Amino acid sequence: MIFHRFGAVVGLMMAALLSVPAAHADQHQHMAQKAAPAADAPAKKDKSKSHEEEKTDPTAGAHAPVVFTLRTGIAEGRMVYIGVGGDIDHKINPTLVVHEGETVQVNLVNGEGAQHDIVVDQYAARSAIVNGKNASSTFSFVARKAGEFAYYCSIAGHRQAGMEGNIQVLPGNRAEMKSSGVDITRDPADLPGPIGPRQAKTVRIDLETVEVKGQLDDNTTYMYWTFNGKVPGPFLRVRVGDTVELHLKNHKDSLMVHSVDFHGATGPGGAAAFTQTDPGEETVVTFKALIPGIYVYHCATPSVPTHITNGMYGLLLVEPEGGLPQVDREFYVMQGEIYTVKSFGTSGEQEMDYEKLINEKPEYFLFNGSVGSLTRSHPLYANAGETVRIYFGVGGPNFTSSFHVIGEIFDHVYSLGSVVSPPLIGVQTVSVPPGGATIVDFKIDRAGQYILVDHALSRLEHGLVGFLNVDGPKNDSIMHEGPAKQ
């Protein structure tokens, strides 16, 4: 059973924007979400006065979908639904728990070959009939009212033979549930401003390695290892020719030795040879920023992939002399993976699974450290007409990203993180390997909500999605609903 809030979010979003009915087999529906402005954002227009608002589902709340997967089968001498993954894994006819106002997506997989479907009468929602083994169907609906409602198979005799369970809709907003871990998500707007045309100098950087129980998802925590308490670590910014004096402190409560390897530094281990730091201790290393570019840094203490997957990565920008071309907004986004013992969406404190790590089978793919980091917690915010720059890196430790912003085209891409080569122009998707980074620029010509993804889109089902919320005029000459205007 997959139980999470971001599976198939793109399809659900598109369906809502086009005003798809609330319940429809094999179609999805979006739950709209608005961002607060960044600290330096211009004042937002009074949205109540806008006469060109996008069509959205009026019941949509602040959450993207809750997704369940059920497989048909035989258990205890009867026909049943069996939960797959998350909190309902292997449970017979499990109770599906959601909150009022949430979009619910149910995936049905045929486990034994007979004909089956799923029906929820109270929401006029049903799947298609699945005929053969491993055939599947998906449907979704918005849980508009609290209560307990039956789901069942409508094929003659199947409900009576045991194929029936309950959907429990709890009153109130899921976001109001008390969190049991700290927020480790790095706000994508949290980065220092451009350096510009200054002379080279000595720059001191202070990093502290902190091990902290953080919020991985609504009801899920994880023991993160971090630089400065957030994932990714702080965005570091120097210019070519600067001398960097790094002070690495390992918090006294840490259990592990930690270090840092800068891909933008030349020397043994990228400074890792000089920064293996015991708990409660501090090390210092100095290096010269020789080549401009955008570079990953990460912990390089064995087992290195363990330290990286737990959150120990970040970006270092070495600006060229004179700086980069000016843009209106800059954002900082990194992609990583987490390998937990229990499946994606399972509640409670989760532990790392080393076997899954070395076999490259992650349960979570994430932007900035947690599920919902760039949707409900820290969406990106901009205004129509502005130019946006995203510094994007992959901590990994294992998977390449095909970074894409749905509804936008990158005007400039600094391929492989090089800022001394001419940028590529007019790019749809950029490939970024683990331990790699890039810079993408684009102008936003039309207001709306744009979606950050890895175009290996199945990773949406494992938490990997972000929102760029854009206020301002909705330029119909670029896109509008309906036929072309004469």
Side-chain angles (χ1 to χ4, degrees), residues 1-5 7-16 18-31 57 59 64-98 102-145 147-169 343-345 457-458 460-461:
M1 160 66 195
I2 300 175
F3 174 30
H4 60 99
R5 302 167 49 196
V9 68
V10 175
L12 288 157
M13 178 175 300
M14 298 306 179
L18 297 175
S19 298
V20 172
H24 191 85
D26 293 313
Q27 294 192 23
H28 299 157
Q29 206 167 314
H30 163 60
M31 306 195 71
D57 182 350
T59 66
V66 180
V67 182
F68 299 94
T69 298
L70 298 174
R71 180 180 293 274
T72 66
I74 305 296
E76 300 171 352
R78 57 195 180 117
M79 302 171 71
V80 297
Y81 298 107
I82 303 171
V84 181
D87 289 334
I88 65 168
D89 196 35
H90 298 300
K91 292 184 178 179
I92 305 301
N93 296 331
T95 297
L96 311 182
V97 181
V98 300
E102 291 184 324
T103 294
V104 182
Q105 177 182 322
V106 180
N107 304 323
L108 174 65
V109 180
N110 191 313
E112 86 302 338
Q115 285 191 347
H116 298 292
D117 65 3
I118 294 183
V119 175
V120 184
D121 286 334
Q122 288 82 356
Y123 289 104
R126 65 168 57 232
S127 73
I129 294 174
V130 291
N131 289 297
K133 187 173 183 180
N134 294 325
S136 63
S137 177
T138 296
F139 70 97
S140 60
F141 60 91
V142 178
R144 293 189 177 91
K145 54 184 179 292
E148 193 161 291
F149 312 101
Y151 65 85
Y152 62 90
C153 182
S154 70
I155 305 299
H158 287 199
R159 185 176 188 178
Q160 293 79 1
M163 299 191 75
E164 181 177 10
N166 290 317
I167 296 176
Q168 185 177 8
V169 182
S343 57
F344 180 93
L457 287 174
S458 294
L460 282 165
E461 302 283 347

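Values in this document were obtained by computation on a predicted structure and should not be read as measured data.
- Heavy atoms from other residues, nucleotides or ligands lying under 6.0 Å from NZ of Lys145 number more than 12.
- Here the CD atom belonging to Glu164 is positioned 4.0 Å from the CZ atom belonging to Arg159, to the nearest 0.5 angstrom.
- How far CZ of Phe139 is from OH of Tyr123: 12.0 Å, rounded to the nearest 0.5 Å.
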Using residues 114-122 as the side-chain source, report each donor-acceptor pair under 3.5 Å to any protein atom, sequence neighbours left out, with the distance given to one decimal.
unit_1, atom_1, unit_2, atom_2, d
Gln115, NE2, Asn131, OD1, 2.7
His116, ND1, His158, ND1, 3.2
His116, NE2, Glu112, OE2, 2.5
Asp117, OD1, Ser154, N, 2.7
Asp117, OD1, Ser154, OG, 3.2
Asp117, OD2, Ser154, OG, 2.5
Asp121, OD1, Tyr152, OH, 2.9
Asp121, OD2, Tyr152, OH, 2.8

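- A donor-acceptor pair under 3.5 Å is formed between the side chain of Thr72 and the backbone N or O of Gly111.
- Of all heavy-atom pairs between Phe68 and Val97, the closest is CZ-O, 3.7 Å.
- Heavy-atom minimum distance, Ile82 versus Gly73: CD1-CA, 4.2 Å.
- In this structure, CG on Leu96 lies 11.5 Å from CG on Asp87, to the nearest 0.5 angstrom.
- Residues Met163 and Ile155 are not in side-chain contact: their nearest non-hydrogen atoms beyond the backbone lie 4.5 Å or more apart.
- A side-chain donor-acceptor contact under 3.5 Å links Ser343 to the backbone of Gly86.
- Here the shortest heavy-atom pairing between Val130 and Asn110 reads O-ND2, 3.2 Å.
- Under the 4.5 Å side-chain criterion, counting only non-hydrogen atoms from C-beta, Met79 is in contact with Ile74.
- In this structure, CG on Asn166 lies 7.5 Å from OH on Tyr151, to the nearest 0.5 angstrom.
- For the atom pair Leu108 CG and Leu70 CG, the distance stands at 7.0 Å (nearest 0.5 Å).
- Between Ile92 and Ala75 the shortest heavy-atom distance is CD1-CB, 3.7 Å.
- Here the CZ atom belonging to Arg78 is positioned 13.0 Å from the CD atom belonging to Gln160, to the nearest 0.5 angstrom.
- Of the possible polar contacts, one joining the Asn93 side chain to the Tyr81 backbone as a donor-acceptor pair under 3.5 Å is found.
- Closest heavy-atom contact between Ser127 and Ser137: CB-OG, 3.6 Å.
- The minimum heavy-atom distance linking Asn134 with Val109 is given by the pair CA-CG1, 4.3 Å.
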